[in-house]
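This report concerns only the one structure given below.
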Amino acid sequence: MTTYHPANDEKHQLFLAWSRAQGITFNKITPARFPNAGLGIASTEPIEGPRRAKKGENKNRMGFSEGETITFAPKAALLTRENLKLFSPTLGNFNALLKELSTHAVFAAAIAKELKNKGNAWRPWMKVWPSPEEYQDGMPLLWNKEQQELLPPSAICGESAILESQMQKFEGDFQKVRALGFEFSRDEYVYAWLVVNTRSLFYKLDTQDYKELSKEDCMALCPFIDYFNHSDDGCKVELSPAGYTVTPNVDSLPASTQLFVTYGCHSNDFLLCEYGFILPTQSNKWDEVNIDTFILHDLTPDQKRHLDAEGFLGNYIFDRSTFCFRTQAAVRMMLIKDPSSPRNKVRVDRWQRYLIGQEDGERERAAVEEYLKGLLEKLRTRGREAWGQADDLEEGSVKRLLLMRWQQVLAMVESVEADMKDESGEERVGRNLASYIM
């Protein structure tokens, strides 16, 4: 049983009534506030999930019923490219805007405009969105530079930096919107932009218009379903021509339980930068640490060319148990100082055989592990420095999130480093790094 308090204040009650009027259905659940988790959805009664279908019941190809429908939101209730004119009738030339700007940018412009319109028919929904102050506390995009620099390197540095990429995307959208004559302040637009960023669902109809769109432009905002919080194993969300349906992902859900949906397979760095929260370590099986900023720095242009040619440049990570194969490939390439030199052809050939599983890489293992231990030590040092600086911040969400994330990263450093030792607990030995770089 989960402790929660139903969100039964006036704005939520008005939104529930508005939702029903739009044809949104919700059964055996209620919006609720949870300790240390904010607003979400709680079950009020047991909910039946998928089970072996009885004779005469609707069933899927595996012979199972779908279980009870928890929530259904019809297409007409969604904020989509098709419904944009209904949501913001005076926004402008909709076709031109959707060609000129990303869907994200247009939705944000519409929201920024309609937040000032007290007569907007969708206002009961907008009233239950997070406040600007809530976004300020949780979203690194809104933190000051000193706070942002205390995030792990995988969030702020290198080619895969999540926050840097997000900042560039927002800035690009804001400048384009301003250039088209919209006079939103930065604060107004960034709030609307974050509403879209944190509350949109993937939405792609089987039409020619959607077939021509990029994946990033296929999105919708969905009233009520945006109440659900994320877990790495949540309820099933399915899009059909009629709308979105949420059903259980297990055979039964007990009463007084928080219900989740899954936003995707994401690390906690991604969840923090994109959504403003972090899951506990045990609740995120997809958590990992990106180490591109370290490895790409240590690779020569020639080594990068060889890695790129084989499809192994970038996206280097480790999790609680091991470094990924891409990392192993990159560090082994790093051991070949001049891979284009004819004298290193044998070593490059052996490296290529390693990539396809024809070499076990044992002869380079000790040198690879020496480099990776040094990398972990750099990350540990950075983490301890950041921890000390974050601990000096005033109490609040920024401090809590930074300390929690670095605690997780440092725990993964210790865990993966422990796996580099032999059964006696001693570090494995072999030819060192210097003897391999030629």
Side-chain angles (χ1 to χ4, degrees), residues 130 132-175 185-187 189-191 193-194 197-198 266-281 284 286-299 314-320 323 327 372-414 416-417:
E133 292 73 26
E134 288 174 295
Y135 278 136
Q136 182 68 52
D137 287 342
M139 297 299 301
L141 181 68
L142 302 180
W143 296 356
N144 64 44
K145 185 175 177 60
E146 290 73 22
Q147 293 168 336
Q148 291 173 344
E149 289 177 346
L150 295 179
L151 288 163
S154 53
I156 58 175
C157 302
E159 297 180 13
S160 62
I162 303 162
L163 181 58
E164 182 179 328
S165 174
Q166 186 187 55
M167 292 170 70
Q168 291 174 355
K169 182 180 177 185
F170 165 74
E171 194 62 37
D173 286 347
F174 182 57
Q175 294 305 325
S185 70
R186 180 177 289 271
D187 286 347
Y189 191 71
V190 76
Y191 171 75
W193 194 89
L194 286 172
N197 197 71
T198 58
H266 299 307
S267 72
N268 273 345
D269 286 328
F270 184 93
L271 294 175
L272 175 57
C273 291
E274 292 290 336
Y275 298 107
F277 67 87
I278 292 173
L279 292 178
T281 298
N284 188 2
W286 306 112
D287 198 15
E288 61 193 20
V289 178
N290 185 289
I291 48 177
D292 281 7
T293 185
F294 297 100
I295 293 181
L296 293 175
H297 175 271
D298 292 341
L299 289 165
N315 196 23
Y316 307 124
I317 62 169
F318 70 90
D319 58 19
R320 278 163 274 188
F323 287 92
T327 299
L372 293 175
K373 287 172 187 173
L375 184 155
L376 292 175
E377 186 57 37
K378 291 177 185 177
L379 187 54
R380 181 187 288 112
T381 298
R382 173 60 187 142
R384 288 171 176 169
E385 290 172 354
W387 179 283
Q389 293 172 291
D391 202 34
D392 290 336
L393 297 175
E394 63 180 64
E395 295 299 327
S397 294
V398 175
K399 176 177 179 176
R400 177 181 61 81
L401 289 167
L402 285 169
L403 293 179
M404 181 178 178
R405 184 55 186 150
W406 271 114
Q407 182 181 40
Q408 294 173 338
V409 171
L410 292 173
M412 282 192 278
V413 167
E414 299 299 324
V416 75
E417 189 175 58

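Between the side chain of Gln148 and the backbone N or O of Pro140, at least one donor-acceptor pair lies under 3.5 Å. For the pair Asp292 (side chain) and Gly314 (backbone), a donor-acceptor distance under 3.5 Å is absent. Under the 3.5 Å distance criterion, the side-chain polar atoms of Asn268 are left unmatched by any main-chain donor or acceptor of Thr281.
Each of Leu372, Ile317, Asn315 was evaluated against Thr327; a single residue qualifies, Leu372, per the side chain to side chain contact (heavy atoms under 4.5 Å, CB included) test. When each of Arg320, His266, Arg405 is checked for a side chain to side chain donor-acceptor pair (under 3.5 Å) with Asp287, only Arg405 meets the rule.
Contact record, Pro132 with Tyr191: N-CE1, 3.7 Å, taken as the closest heavy-atom pair. Contact record, Asp137 with Trp143: O-NE1, 3.4 Å, taken as the closest heavy-atom pair. The two residues Ser185 and Phe174 have their closest heavy-atom pair at O-CE1, 4.0 Å. Among all heavy-atom pairs drawn from Ser267 and Asn284, the shortest one is C-ND2, 3.9 Å. Of all heavy-atom pairs spanning Lys378 and Asp298, the tightest one is NZ-OD2, 4.1 Å. Between Arg382 and Pro153, the shortest heavy-atom distance links the atoms CG-CG, 4.3 Å.
For the pair Leu402 and Leu151, the minimum side-chain heavy-atom distance is below 4.5 Å. A heavy-atom distance below 4.5 Å is found between the side chains of Thr198 and Tyr135. Side-chain contact check for Phe170 versus Tyr189: some heavy-atom pair is nearer than 4.5 Å. The side-chain heavy atoms of Asp269 and Asn290, taken from C-beta on, include no pair separated by under 4.5 Å. Looking at heavy atoms from C-beta onward, Glu414 lies in side-chain contact with Arg380 at the 4.5 angstrom threshold. When side chains are defined from C-beta on, Val289 counts as touching Leu379, because their heavy atoms get closer than 4.5 Å. Put simply, the side chain of Leu376 reaches to within 4.5 Å of the side chain of Phe323, judged on heavy atoms. Side chains of Gln166 and Trp193 form a contact here, defined as non-hydrogen atoms less than 4.5 Å apart.
Atom NZ of Lys399 is separated from atom CG of Leu150 by 12.0 Å, given to the nearest 0.5 angstrom. To the nearest 0.5 Å, atom CZ of residue Phe270 and atom CD1 of residue Ile162 are 7.0 Å apart. With rounding to the nearest 0.5 angstrom, the CE atom of Met139 is 10.5 Å from the CG atom of Leu401. Rounded to the nearest 0.5 angstrom, Glu164 CD and Leu141 CG are separated by 12.5 Å. Taken to the nearest 0.5 Å, the CZ atom of Arg400 stands 7.0 Å off from the CE atom of Met404. The distance from the CG atom of Asn144 to the CD atom of Gln136 is 8.5 Å, given to the nearest 0.5 Å.
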I would like to know whether Lys373 and Glu377 meet salt bridge (charged side-chain N to carboxylate O under 4.0 Å, His left out); could you show each step before the answer? CA-CA 6 Å; Lys373 287 172 187 173; Glu377 186 57 37; over 6 Å; no
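Gln389 and Glu385 share no side-chain donor-acceptor pair at under 3.5 Å.
Sparse packing is recorded around CH2 of Trp286, with 12 or fewer heavy atoms of other residues, nucleotides or ligands lying under 6.0 Å away.
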